Amino acid sequence: MDSTRVDKWLWAVRVYPTRSASTDACHGGHVRVNDRPAKPSTTVRAGDRVTATTRAHERVLEIVVIIDKRVGAPVAATCLIDHSPPPEPVDRVPAPFVRDRATGRPTKRDRRQLDRFRSNG
């Protein structure tokens, strides 16, 4: 096999969890083949560069082996070369006032602490 559909290939190498998710990504403009927007039926060959945006980040993949059947993760990793930039570090500051969701309505003391936190921040 020398070519296949881009939505099939993205699903087969486990970029998207389902074939319909890869098709929807193509329709939504989240997939590019060789820097051109791709329809789900766009054919890809070995050596093509596919850029796919997932929830986590943008992935830049070079096709090494054409497959159209879903395979295990170790085999799928050999079918592509990942040129993706490293993910950006997430700097999150933990909230000093955190309540458990199942504790019910805040007490008067809890509300005062929250008001103090909001007025000082």
Side-chain angles (χ1 to χ4, degrees):
M1 174 181 342
D2 60 340
S3 67
T4 189
R5 292 170 53 113
V6 70
D7 63 338
K8 273 187 168 182
W9 187 80
L10 287 169
W11 166 75
V13 295
R14 298 174 170 268
V15 174
Y16 292 102
T18 63
R19 176 119 180 253
S20 62
S22 67
T23 302
D24 291 343
C26 291
H27 284 301
H30 300 291
V31 177
R32 298 177 72 80
V33 175
N34 296 329
D35 292 327
R36 291 185 171 169
K39 292 180 180 180
S41 62
T42 302
T43 58
V44 290
R45 302 182 190 305
D48 284 349
R49 207 169 256 247
V50 177
T51 305
T53 304
T54 61
R55 288 184 185 189
H57 61 283
E58 183 175 81
R59 298 190 61 187
V60 180
L61 309 169
E62 182 180 340
I63 300 173
V64 176
V65 177
I66 295 292
I67 58 174
D68 63 351
K69 300 287 183 192
R70 195 156 169 102
V71 294
V75 177
T78 64
C79 297
L80 57 93
I81 299 173
D82 196 353
H83 296 289
S84 303
E88 297 178 13
V90 179
D91 295 331
R92 293 189 181 186
V93 178
F97 185 78
V98 178
R99 288 181 37 84
D100 292 331
R101 290 184 61 101
T103 57
R105 185 180 168 137
T107 63
K108 193 170 194 176
R109 180 174 180 242
D110 291 339
R111 288 194 307 271
R112 286 180 180 155
Q113 287 177 344
L114 186 57
D115 288 341
R116 263 188 249 119
F117 170 71
R118 286 181 181 160
S119 66
N120 290 337

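Please read all numbers here as calculations on a predicted model, not as lab measurements.
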Indicate the atoms forming the closest heavy-atom contact of [X] with [Y], along with that distance.
X     : Y     : value
Asp48 : Thr43 : OD2-O, 4.3 Å
Ala12 : Ala76 : O-CB, 4.3 Å
Val60 : Asp82 : O-OD1, 3.3 Å
Ala52 : Leu10 : CB-CD2, 4.3 Å
Val6  : Cys26 : CG1-SG, 3.9 Å
Arg70 : Tyr16 : NH1-O, 3.4 Å

Close side-chain approach of [X] and [Y], heavy atoms under 4.5 Å:
X     : Y     : result
Ile67 : Val13 : yes
Thr78 : Val65 : no
Leu61 : Trp9  : yes
Asp2  : Ile66 : no
Arg19 : Asp7  : yes

At what distance, to the nearest 0.5 angstrom, does [atom1] of [X] lie from [atom2] of [Y]?
X      : Y      : atom1 : atom2 : answer
Thr51  : Asn34  : OG1   : CG    : 8.5 Å
Lys39  : His27  : NZ    : NE2   : 9.5 Å
Thr23  : Lys8   : OG1   : NZ    : 10.5 Å
Arg105 : Asp110 : CZ    : CG    : 11.5 Å

Point to revise | Side-chain donor/acceptor of Arg112 to backbone N/O of Thr107, under 3.5 Å | key: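 Side chain of Arg112 to backbone of Thr107, a donor-acceptor pair under 3.5 Å: no, none is there.
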
Check your understanding: Has the side chain of Arg111 got a donor or acceptor atom that lies under 3.5 Å from a matching backbone atom of Pro106?
Key ->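 Yes.
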
Check your understanding: Arg45 and Ile63: side chain to side chain contact (heavy atoms under 4.5 Å, CB included), yes or no, with the steps?
Key -> CA-CA 7 Å; Arg45 302 182 190 305; Ile63 300 173; over 6 Å; no

Exercise for review: Determine, step by step, whether Asp68 and Arg5 satisfy the side chain to side chain contact (heavy atoms under 4.5 Å, CB included) criterion, reporting the C-alpha distance in whole Å, the side-chain angles of both residues, the deciding distance to 0.1 Å, and the verdict.
Suggested key: CA-CA 8 Å; Asp68 63 351; Arg5 292 170 53 113; over 6 Å; no

Exercise for review: Consider only side-chain heavy atoms of I, L, V, M, F, W and Y, link residues closer than 4.5 Å, and tell whether Met1 and Trp11 are in one cluster.
Suggested key: no

